[in-house]
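All remarks here apply to the structure that follows.
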Amino acid sequence: MPDVVFTVDQARSMRDQAVPGHNRWHPDIPPAVTVRPDTSIRVECREWTDGQIGNNDSANDVRDVDLRGAHMLSGPIAVEGAEPGDLLVVDILDLGPVPQETGPAPGQGWGYTGIFSKQNGGGFLTDTFPDAYKAIWDFSGQKATSRHIPGVSYTGITHPGLFGTAPSPELLARWNARERALIATDPDRVPALALPPLDEEVLGGTATGDALAGIGRDGARTVPPRENGGNHDIKNFTRGSRVFYPVHVPGALFSGGDLHFSQGDGEITFCGAIEMGGFIDFHVDLIKGGMETYGVTTNPILMPGNVEPRYSEFVTFIGIGVDHTTDTNLYNDATVAYRNACLNAVTYLEKFGYSGPQAYLLLGSAPIEGRVSGVVDIPNACCSLYLPTAIFDDDIRPSASGPVWKDRGSCAVSS
């Protein structure tokens with residue numbers, strides 16, 4: 001087993017670990033450990049909300065989750081010799097839930113998928129589903145099943161939602177300036193257009209005093225992906241993957257977490273994967289001067305692994321860039337097109353007895369494939385959603401006999 005360079009006791013908050021992690025991006029967060037290039041390491045991770053969500057049948061915890069402290073990241077890990085302009089080469093060797101543990105923390109034999117309320121971040125379909133819902137998933141090897149979405153089981157594509165390198169002071173300032181400019185276009189929007197720096201609930205690793213105050217004042221929130229990597233939520237970033245991260249500060253300062261047992265393309269509920277704590281094994285190395293050599297200027301490069309489940313039959317739902325509620329044509333809007341594909345899939349699954357929230361939770365967590373199918377046939381962009389038929393106990397393919405409706409119970413709801 002690789003050396004464990006960042007440890008997490010799942011019975012304790014990330015704030016109470018022997019070496020705490022962090023929940024902002026900032027170049028002044030001190031490294032938790034330093035490793036050499038060409039080294040294999042293990043990083044243990046806390047579930048991203050720091051254990052605010054419980055294994056129960058109420059979604060009140062999702063409704064009331066405090067996002068000021070998210071995400072809880074393990075690290076930073078400094079790599080000897082890394083300099084701005086290099087590429088950090090990261091291979092995922094293995095990852096999974098907390099090994100050989102069952103208990104109350106996500107990752108200890110179970111995980112969850114949540115629909116955030118519109119007042120607390122919302123999701124991709126928040127105008128249709130403005131309230132909070134939840135599904136608990138039990139793990140059995142690579143399989144996931146849920147008492148809240150019966151009649152479904154599937155093999156998870158286990159992956160981290162979030163890893164990245166620290167920004168330089170200059171890059172951090174650019175992030176803050178452009179995101180504040182976006183917020184200013186509609187400052188009262190619900191949900192907000194972006195999340196600016198916030199000095200409440202800040203965790204800055206081992207930083208204290210003025211350094212911690214600066215991290216709270218200027219540190220970037222971890223919700224979106226940016227030039228350093230961050231919260232990409234790419235479901236195929238799994239075992240066997242290699243990622244080339246741009247290095248912006250000495251040592252690279254590599255951090256992350258937000259482990260997922262499974263996720264569909266888009267993670268459409270916002271908390272749409274099966275969220276968990278656990279472990280991840282990396283091999284890390286450097287390509288000196290790699291950013292210039294390969295023209296990597298704004299984002300990492302990913303070579304996905306080859307361990308995804310082999311589903312061969314799908315029911316595919318199509319969406320176009322039209323607002324059907326007002327019959328308004330939009331110009332090549334792939335976001336609206338994918339949203340329509342998702343809504344079409346929800347409506348279809350309701351014919352088999354799944355509630356709208358159950359279908360929404362399923363599409364966020366199951367290994368669906370989302371594709372931008374066409375963005376050249378003006379004015380309508382076309383996106384498609386591929387739903388594997390084999391994950392269902394019942395036959396959901398269209399036929400002349402029609403859908404068989406069953407009582408599917410209920411997901412966890414908020415009061």
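The model shown is predicted, which means the values in this text are computed figures rather than measured ones. The basis for the numbers below is simple: all heavy atoms, side chains too, and nothing from hydrogens, waters or symmetry mates.
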Any residue meeting salt bridge (Lys or Arg N to Asp or Glu O under 4.0 Å) with Asp91, in chain and number order, not counting sequence neighbours
Arg242
Inter-residue atom distance Arg339.CZ - Thr128.OG1, 0.5 Å rounding
8.5 Å
Do the side-chain N and O atoms of Thr389 and Glu313 include a donor-acceptor pair separated by under 3.5 angstrom?
yes
Using side-chain contact (heavy atoms from CB on, under 4.5 Å), reason through Arg226 and Trp25 one step at a time and then give a plain yes or no.
CA-CA 10 Å; Arg226 298 186 181 91; Trp25 290 118; 3.8 Å; yes
Under 3.5 Å, is there a donor on one side chain and an acceptor on the other for His232 and Asn299?
no
Donor-acceptor pair between Glu267 and Thr269 side chains, under 3.5 angstrom
no
With sequence neighbours left out, the residues meeting ring pair (Phe, Tyr, Trp, His ring centres under 6.0 Å) with Phe163 are Phe254, Phe282
Tyr354 side chain to Pro150 backbone, donor-acceptor under 3.5 Å:
yes
Roughly how far, to the nearest 0.5 Å, is OG1 of Thr155 from OH of Tyr311?
4.0 Å
Kindly indicate whether the side chain of Thr34, heavy atoms from C-beta on, has any atom under 4.5 Å from the side chain of Glu80.
yes
Would you say the side-chain atoms of Asn176 and Asp218 include a donor-acceptor pair closer than 3.5 Å?
no
Distance flag, aromatic centroids of Phe317 and Tyr348, threshold under 6.0 Å:
yes
Between Ser384 and Thr316, do the side chains contain an N or O donor and an N or O acceptor separated by less than 3.5 Å?
no
So, His248 side chain and Ala166 main chain: donor-acceptor pair closer than 3.5 Å or not?
no
For residues Gln358 and Tyr133, is any side-chain donor paired with an opposing acceptor at under 3.5 Å?
no
With no hydrogens and no angle check, do the side chains of His22 and Ser255 hold a donor and an acceptor under 3.5 Å apart?
yes
Decide side chain to side chain donor-acceptor pair (under 3.5 Å) for Asn56 and Ser58; before the verdict, give the C-alpha distance in whole Å, the side-chain angles of both, and the deciding distance to 0.1 Å.
CA-CA 6 Å; Asn56 54 51; Ser58 169; 5.1 Å; no
Heavy-atom side-chain contact between Leu362 and Leu349 under 4.5 Å
yes
For Trp137, which of Tyr154, Phe261, Trp110, Tyr112 qualifies under ring-ring contact (aromatic ring centres under 6.0 Å, His included)?
Tyr154
If we count only N and O atoms by modelled type, under 3.5 Å, do the side chains of Asn228 and Thr165 hold a donor and an acceptor together?
no
Counting only heavy atoms from other residues, nucleotides and ligands, does the tally under 6.0 Å from NZ of Lys288 exceed 12?
yes
Pairing donors with acceptors under 3.5 angstrom, does anything connect the side chains of Asp233 and His159?
no
Taking the inter-plane angle between the rings of Tyr386 and Phe314 on a 0 to 90° scale, is it parallel (under 30°), tilted (30 to 60°) or perpendicular (over 60°)?
perpendicular
